[in-house]
Visitor: 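Supplied in structure tokens, the structure appears directly below.
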Protein chains: 4
Amino acid sequence: MQIDLNCDLGEGFGRWSLGDDAALVDVVSSANVACGFHAGDPGTMRQVAEWCVDAGVAIGAQVGYRDLAGFGRRFIDVEPSHLADEVLYQIGALDAFARRAGARVTYVKPHGALYNAIVHHQRQAEAVVEGVRAFDATMPVLGLPGSLWLELAEKAGLRPVAEAFADRAYTREGTLVPRSEPGAVLHDAEQIAERCVRLATSHEVVSVDGTVVPMTPDSICVHGDTAGAAVIARAVRDALEAAGLRVAAFSGAG
Amino acid sequence: MQIDLNCDLGEGFGRWSLGDDAALVDVVSSANVACGFHAGDPGTMRQVAEWCVDAGVAIGAQVGYRDLAGFGRRFIDVEPSHLADEVLYQIGALDAFARRAGARVTYVKPHGALYNAIVHHQRQAEAVVEGVRAFDATMPVLGLPGSLWLELAEKAGLRPVAEAFADRAYTREGTLVPRSEPGAVLHDAEQIAERCVRLATSHEVVSVDGTVVPMTPDSICVHGDTAGAAVIARAVRDALEAAGLRVAAFSGAG
Amino acid sequence: MQIDLNCDLGEGFGRWSLGDDAALVDVVSSANVACGFHAGDPGTMRQVAEWCVDAGVAIGAQVGYRDLAGFGRRFIDVEPSHLADEVLYQIGALDAFARRAGARVTYVKPHGALYNAIVHHQRQAEAVVEGVRAFDATMPVLGLPGSLWLELAEKAGLRPVAEAFADRAYTREGTLVPRSEPGAVLHDAEQIAERCVRLATSHEVVSVDGTVVPMTPDSICVHGDTAGAAVIARAVRDALEAAGLRVAAFSGAG
Amino acid sequence: MQIDLNCDLGEGFGRWSLGDDAALVDVVSSANVACGFHAGDPGTMRQVAEWCVDAGVAIGAQVGYRDLAGFGRRFIDVEPSHLADEVLYQIGALDAFARRAGARVTYVKPHGALYNAIVHHQRQAEAVVEGVRAFDATMPVLGLPGSLWLELAEKAGLRPVAEAFADRAYTREGTLVPRSEPGAVLHDAEQIAERCVRLATSHEVVSVDGTVVPMTPDSICVHGDTAGAAVIARAVRDALEAAGLRVAAFSGAG
């Protein structure tokens, strides 16, 4: 049995760093690397791509809105044809660094407000699909299970990859508890690690109201930008391996 | 006999356009397409790449400093390793649009202050060479004849391509008359066209003081961002063809 | 009798220009000067402020979303407290150039997608009101008649100034015909000028279906960024003056 | 006796923070607040301005090159007239937040590569002087003792304020030991604090070769962006106060 662990990496910008990339690259199997539109810069992209290749980690394009000031966390009503072009631009730029390091971009994961928008925003979801397909018509793409994004991606020939979140609480319907509600984000490393093992081995998660909800993620997302993130991510990986799972990229790359 | 005509294209940004790309793409054989750091945006890059493929024009990466506010026309003392990464980023991004249109980026031409800096600035010249080589170790690169840039590029295995300027006056030493001096820029379409024919057929140019200077460019640069630019470029092409020359990309692409 | 003519000015950015600022500043009485977030740069702001003072034109802050790539024409779901701060930043920056030229910023007009959003988006409308009030608690603000923006501005102590559009068709309810519908934008200079005179003297406009609609604008907006814009604006002013009206800033400045 | 302590504050950008502003504002008497061109954003500027007013700290404009990607640390060969306008823009923007908090911008301190350039670059030094004077013709300005910048500022009617660096080694000529040399930066809080007391009370500093060099700074700069910066700054202040000095803004503001 195997499971993928994905995490956002390379989210600094110039003088400003964010998250412990060097530590996280040794923990995850898939790295969502920021491409310069909402975070990331060429020097960071080169460095992270090299680290990924050294560690056998798959390189994914973390594409987002053009919004450095907002870290890609604000919805922007971009004209869909521009959005498709912006997605392609970002993948192309990152791929140059992946190639330089001896690899390729092997998947795409939209970031922040774009990730959330295309759960339901049809024109933007279609635009992201178009942008990805212009790069590779069968590219794997990460997203929320049940999202319009993954549905449209699959119809268009891309490979949908559903993810669960290691540190987020779920409702009994299997949707995320909104961040605005208490208990939405888990902080205890041991508890998070146990949930991940259960997700990966029993394909279920316990919701906020105690219901056991079936869930079969292709990848589990661990966070990298909060205090103690690398510690939690390491705990998750150790627990998965202790349970006999192989942590490996869903894309087969790395 | 054949000669290449190169021109800057895709130098608008969002709402702002610059130059008559649609007209110029029918005149030149090589298009230096801005990649988003000093000019250019993803939508424009997609459009221009499509036009280039339709017109059989080679797509080159017009790489520059990260400086939209200054249009890449101010020297920036970028740390060389960052500059190399920025060059690679730009080429990779443009190549995604070239591929989407069914082509590739087939050469690189630095822009503005970067073009001028690497005539003599060793560390930045080396950085641009490194950035280009990370994309393609034998890529053709355009530049000023006699520049350190072309010398270092050749030593590193890139293919140096020397260009002459259609509308610039030359000294008897074969260097450009500085823009600050009177007569540095020519404006008469007929005169410019005649000079280009002489350059392409007799491999010589008449300097500001009347000396005949030998010059064997691989490409002639016509400008696209001034009033009447497309008219002059068309006059140059018509004159070259009337003189029996074939206008074709030096890179063999297009 | 007097009427104000307002127009967007200073909407270039660096190498890219837009509209004929030098001509328009001699036509209008109020200039909405871009402040650098969606268009405009410090050099342009200084130049336009000087021209305004020379021509006796009032200087207004054309504030917008932080979005150079989109020219401020895409809705951005900015957190309201950030939006308030961004508005204040822009006004403060422009005011430095107004002061340098011997004047002040005497009003604020939101731009593009922000203008449209705050017609109904309560939290963003409140944020813009807060940003303006932080600069001047009794500042005049331009906007769409009947908009939530002008209503909230008035309640908060700002001075609401309702504007009509010289070149836009109106419905019988007095709202703008959407740009997506045929006939939404008028192009005939003479017709536009006549409508403006009727607006300023009889306080009425003829709607797309021929109904006479009462309308009492404090200012008429002429556009500056389209071909022939300066010609139309000049025709409007000439017609207004020929009808005995004095074209003067609503703010009393200039 | 009194001495000023100045420190860079507000150098984050959006999601990215830098330095412990909340701690440092309680230690220094003058805050060099980034204005958005190389660091800083409107929300941060508002927050820091409020903290400064609450803590009785003078607000200075930390102006820099337009270069977020480079944090203003790369020389840019900006055309001087543009540089002057960019300086004025930044001061004006920050002043809006200072006014909102009940204060004003009371001095200007250039940042990073601009700080270094105008030690000797005449045209840029003149430009910064012009930009500051356009805001306030008698504004105090911080800089390196003996720099062309302070000399030209004084000639133009600005008030030059010479600063010493708490954590930098000096040569026997009283110039800074270049960062590239060993021992250029001091790290021991106690040693740094002792040097500052000697500077403020005896007006001398011990150079790298043991020479006692006379130096009479109007302000001492402590750094805020390194690990332990706030701890060092606090040690400096405590030592100064223990030595009977009053730490107070040179500008009299705060």
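The shown structure was predicted, so the numbers you read here are calculated from the model rather than taken from an experiment. So that the names make sense, note that chain A is the first sequence line, chain B the second, and so on, each numbered from 1.
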Visitor: Across chain C and chain B, what donor-acceptor pairs are shorter than 3.5 angstrom?
Guide:
from	atom 1	to	atom 2	distance (Å)
C/E11	O	B/W16	NE1	2.9
C/R15	NH2	B/D225	O	3.3
C/R15	NH2	B/D225	OD2	3.3
C/W16	NE1	B/E11	O	2.9
C/D225	O	B/R15	NH2	3.3
C/D225	OD2	B/R15	NH2	3.3

Visitor: Using side-chain contact (heavy atoms from CB on, under 4.5 Å) as the criterion, list what pairs up with B/A166, not counting sequence neighbours.
Guide: B/I192, B/C196, B/I220, B/V222
Visitor: Go through B/G43, B/G14, B/G12 and name the one with the most non-hydrogen pairs under 4.5 angstrom from chain C.
Guide: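 Between B/G43, B/G14, B/G12, the count favours B/G12.
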Visitor: What residues form a side-chain contact (heavy atoms from CB on, under 4.5 Å) with C/A127, not counting sequence neighbours?
Guide: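 With sequence neighbours excluded, C/A127 shows a side-chain contact (heavy atoms from CB on, under 4.5 Å) to C/P80, C/L83, C/A84, given in chain and number order.
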